[in-house]
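So the structure is just underneath, and the comments pick up after that.
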Amino acid sequence: MHVPRVRRPARHRYFIVVHALDVESIGVPADATPAYLGFTMAGHTLGRAVLTANAETPAETPA
C-alpha cells in the first residue's frame, strides 16, 4: 500500500551582510577561503550591517 507523503512547509533564512572597511583593497585572492577573508577583514572593519530575510514555501494540501 502506498501512502502519499505530505509535504511540510520549507523555511529558509537569507543573510545579506555588508562590511565597511578602512581600506580599498585587503589583497585577498579571489580563490581564498571564507575563513581567510574573514580573518583578513577583522582588522579593517569599521562597521557591519546585517539584513535577515525569512521565506516559507507553503505546504501542499492533500487532494
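We use all heavy atoms of the structure for the numbers below, so side chains are in, but hydrogens, waters and symmetry mates are not.
Listed by chain and number, the hydrophobic cluster partners of Leu37 are Leu21, Val23, Ile26, Val28, Tyr36, Met41, where partners are ILVMFWY side chains within reach of under 4.5 Å, directly or through others.
Atom OG1 of Thr52 and atom OH of Tyr14 lie 13.0 Å apart (nearest 0.5 Å).
A search for side chain to side chain donor-acceptor pair (under 3.5 Å) contacts involving Arg13 returns nothing, not counting sequence neighbours.
Among pairs with a residue in residues 29-57, those fulfilling salt bridge (Lys or Arg N to Asp or Glu O under 4.0 Å) read Arg11-Glu56, at least two apart in sequence or across chains.
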